[in-house]
> 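Mind looking over this structure? Questions follow.
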2 protein chains.
Amino acid sequence: MGPLETGIMQPQAYGDEHLSLDFEQRVVLLDNRRLTLTRKEYDLLSLLVQYAGQIVPRDALLMQVWGYSPEIRTRTLDVHVRRLRKKLGAYADQYIETIFGIGYRFQPFHAPRYFQQALERPALAISA
Amino acid sequence: MGPLETGIMQPQAYGDEHLSLDFEQRVVLLDNRRLTLTRKEYDLLSLLVQYAGQIVPRDALLMQVWGYSPEIRTRTLDVHVRRLRKKLGAYADQYIETIFGIGYRFQPFHAPRYFQQALERPALAISA
DNA sequence: CCGCTTTTTACAAAGTTTTTACAACATCCC
DNA sequence: GGGATGTTGTAAAAACTTTGTAAAAAGCGG
């Protein structure tokens with residue numbers, strides 16, 4: 001069942017001043033250079049970007065990317081976030097915010113830090 | 001039902017600086033010398049070339065070339081890729097990229113590694 | 001049966017993911 | 001503020017998965 005059948009139409013790309021993602025080709029460009037991400041790294045970034053501006057809870061990330069249910073204890077998410085940030089270089093902390101005790105949030109490059117959300121997809125349930 | 005009936009028009013040939021394929025005659029030339037490929041080798045190369053610049057997932061290759069469904073475990077694809085690369089000689093790794101955990105991608109000879117796609121056919125579903 | 005092609009097998013190499021251990025940091029409560 | 005507690009950051013090791021490779025086995029068409 002494809003996007004047409006589901007009625008859910010997702011943008012097939014994301015782009016801001018420094019970063020772009022092509023969700024079809026799984027290609028990520030940072031300042032026009034291609035970022036080589038592993039599968040999980042890409043899946044994680046991609047998910048965060050698709051919820052840009054919104055907090056995505058750890059549990060949701062672990063469920064969507066790893067298929068883990070909430071009771072599983074693992075640090076692999078943290079490690080993946082770290083590696084992602086490393087690859088995002090100088091912009092890392094600007095792009096990927098830690099929401100202590102809850103999860104992470106991807107912010108588009110020039111996003112005003114406060115007062116923001118529109119055009120977004122419905123939240124992935126913010127536990128807490 | 002042929003290309004005209006389906007409405008999908010495919011180019012009947014591919015060519016770049018070193019390699020050319022005639023999809024009608026199933027003839028492959030590498031630096032103007034004819035490459036002798038077996039049937040499966042040709043089918044595989046041909047499919048990859050038709051999606052030049054795009055990732056073709058293993059599952060898609062196994063389905064299109066072998067008619068295998070995703071649950072079948074086989075290494076025959078890897079072996080065929082290897083033999084293809086061997087026959088492509090020095091250009092092998094330039095032409096056929098491995099996308100770890102996902103599949104393979106054929107890149108036209110001077111393809112800019114970044115920032116590329118146009119005139120392509122729709123992707124063969126990238127198993128996310 | 002013969003020659004060629006295709007697939008499997010077994011092992012090596014490469015790459016990826018997860019865990020572990022500890023440090024740093026945030027939050028809560030007194 | 002300051003300690004207790006829990007969470008996240010970080011580096012490195014360990015575990016695991018995928019792909020490369022060579023050789024053998026199996027399949028196929030004359």
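For the numbers below, each heavy atom of this structure counts, side chains included, while hydrogens, waters and symmetry mates do not. From a predicted model like this one, the values you see are computed outputs, not experimental measurements.
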> Can you tell me how far P of dT16(C) sits from NZ of Lys86(A), to the nearest Å?
15 Å

> Are Asp78(A) and Tyr104(A) close enough, and set up right, to give a side-chain contact (heavy atoms from CB on, under 4.5 Å), and what steps lead you there?
CA-CA 10 Å; Asp78(A) 306 80; Tyr104(A) 293 93; 3.7 Å; yes

> What is the nucleic acid contact for Thr74(A), judged by heavy atoms within less than 4.0 Å: base, sugar-phosphate only, or nothing?
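The answer is sugar-phosphate, as Thr74(A) gets under 4.0 Å only of primed atoms, P, OP1 or OP2.
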
> Nearest-Å distance, NZ (Lys40(B)) to P (dT5(C))?
13 Å

> Once you round it to whole Å, what is the distance between C1' of dA12(D) and CZ of Arg83(A)?
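Whole-Å distance recorded here is 11 Å.
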
> Which part of the nucleic acid, if any, lies within reach of Tyr68(A) when heavy atoms closer than 4.0 Å are counted: base, sugar-phosphate only, or nothing?
sugar-phosphate

> Verify the neighbour count for atom CZ of Arg26(B): are there more than 12 heavy atoms of other residues, nucleotides or ligands below 6.0 Å?
yes

> Might you list the N or O atoms of the protein lying below 3.5 Å from N or O atoms in nucleotides 18-21 of chain D, with each pair's distance?
| residue | atom | partner | partner atom | Å |
| --- | --- | --- | --- | --- |
| dT18(D) | O3' | Gly101(B) | N | 3.4 |
| dT19(D) | OP1 | Gly101(B) | N | 2.9 |
| dT19(D) | OP2 | Arg58(B) | NH1 | 3.1 |
| dG20(D) | OP1 | Arg85(B) | NH1 | 2.7 |
| dG20(D) | OP1 | Thr98(B) | OG1 | 2.8 |
| dG20(D) | OP2 | Tyr104(B) | OH | 2.7 |
| dG20(D) | N7 | Arg75(B) | NH2 | 2.7 |
| dG20(D) | O6 | Arg75(B) | NH1 | 2.8 |
| dG20(D) | O6 | Arg75(B) | NH2 | 3.4 |

> Find the distance Leu61(B):CG to dT7(C):P and express it as a whole number of Å.
13 Å

> Not counting sequence neighbours, which residues clear side-chain contact (heavy atoms from CB on, under 4.5 Å) with Gln25(B)? List them please.
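Per chain and number, Gln25(B) pairs via side-chain contact (heavy atoms from CB on, under 4.5 Å) with Asp22(B), Val27(B).
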
> How would you list, by chain and number, every residue that makes a side chain to side chain donor-acceptor pair (under 3.5 Å) with Ser69(B), sequence neighbours excluded?
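For Ser69(B), the residues satisfying side chain to side chain donor-acceptor pair (under 3.5 Å) (neighbours in sequence not counted) are Glu71(B).
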
> Axis-to-axis angle across the helix from dC1(C)-dG30(D) to dC30(C)-dG1(D), five pairs an end, to 10 degrees?
50°

> Distance alone, cut at 3.5 Å: any donor-acceptor contact between the side chains of Thr98(B) and Arg85(B)?
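Yes.
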
> Does the side chain of Gln107(A) pick up a donor-acceptor pair with the side chain of Gln94(A) at under 3.5 Å?
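No, because no side-chain N or O of Gln107(A) sits under 3.5 Å from a partner of the opposite role on Gln94(A).
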
> Would you please confirm or rule out a distance under 4.0 Å between OP1 or OP2 of dT16(C) and any side-chain N or O of Thr38(A)?
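No, no such contact exists.
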
> To the nearest Å, give me how far apart CZ (Arg73(A)) and P (dT18(C)) are.
17 Å

> Using ring-ring contact (aromatic ring centres under 6.0 Å, His included) as the criterion, list what pairs up with Tyr14(B), not counting sequence neighbours.
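Per chain and number, Tyr14(B) pairs via ring-ring contact (aromatic ring centres under 6.0 Å, His included) with Phe106(B).
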
> How many whole angstroms separate atom NE2 of His80(A) from atom P of dT20(C)?
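Taking atom P of dT20(C) as the reference, NE2 of His80(A) is at 16 Å.
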
> Assess, by modelled atom type and distance only, whether the side chains of Glu41(A) and His80(A) contain a donor and an acceptor separated by less than 3.5 Å.
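Their side chains do not contain a donor-acceptor pair, so the 3.5 Å distance test is not met.
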
> dT9(C) P sits how many Å from Leu77(B) CG, rounded?
16 Å

> State whether Trp66(A) places a side-chain N or O below 4.0 Å from either non-bridging phosphate oxygen (OP1 or OP2) of dT18(C).
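Result: yes.
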
> Rounded to whole Å, please give me the gap between CD in Glu41(A) and P in dT17(D).
18 Å

> Report the residues that fulfil ring-ring contact (aromatic ring centres under 6.0 Å, His included) with His18(B), sequence neighbours left out, ordered by chain and then residue number.
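Applying ring-ring contact (aromatic ring centres under 6.0 Å, His included) to His18(B) gives Tyr91(B), Phe109(B).
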
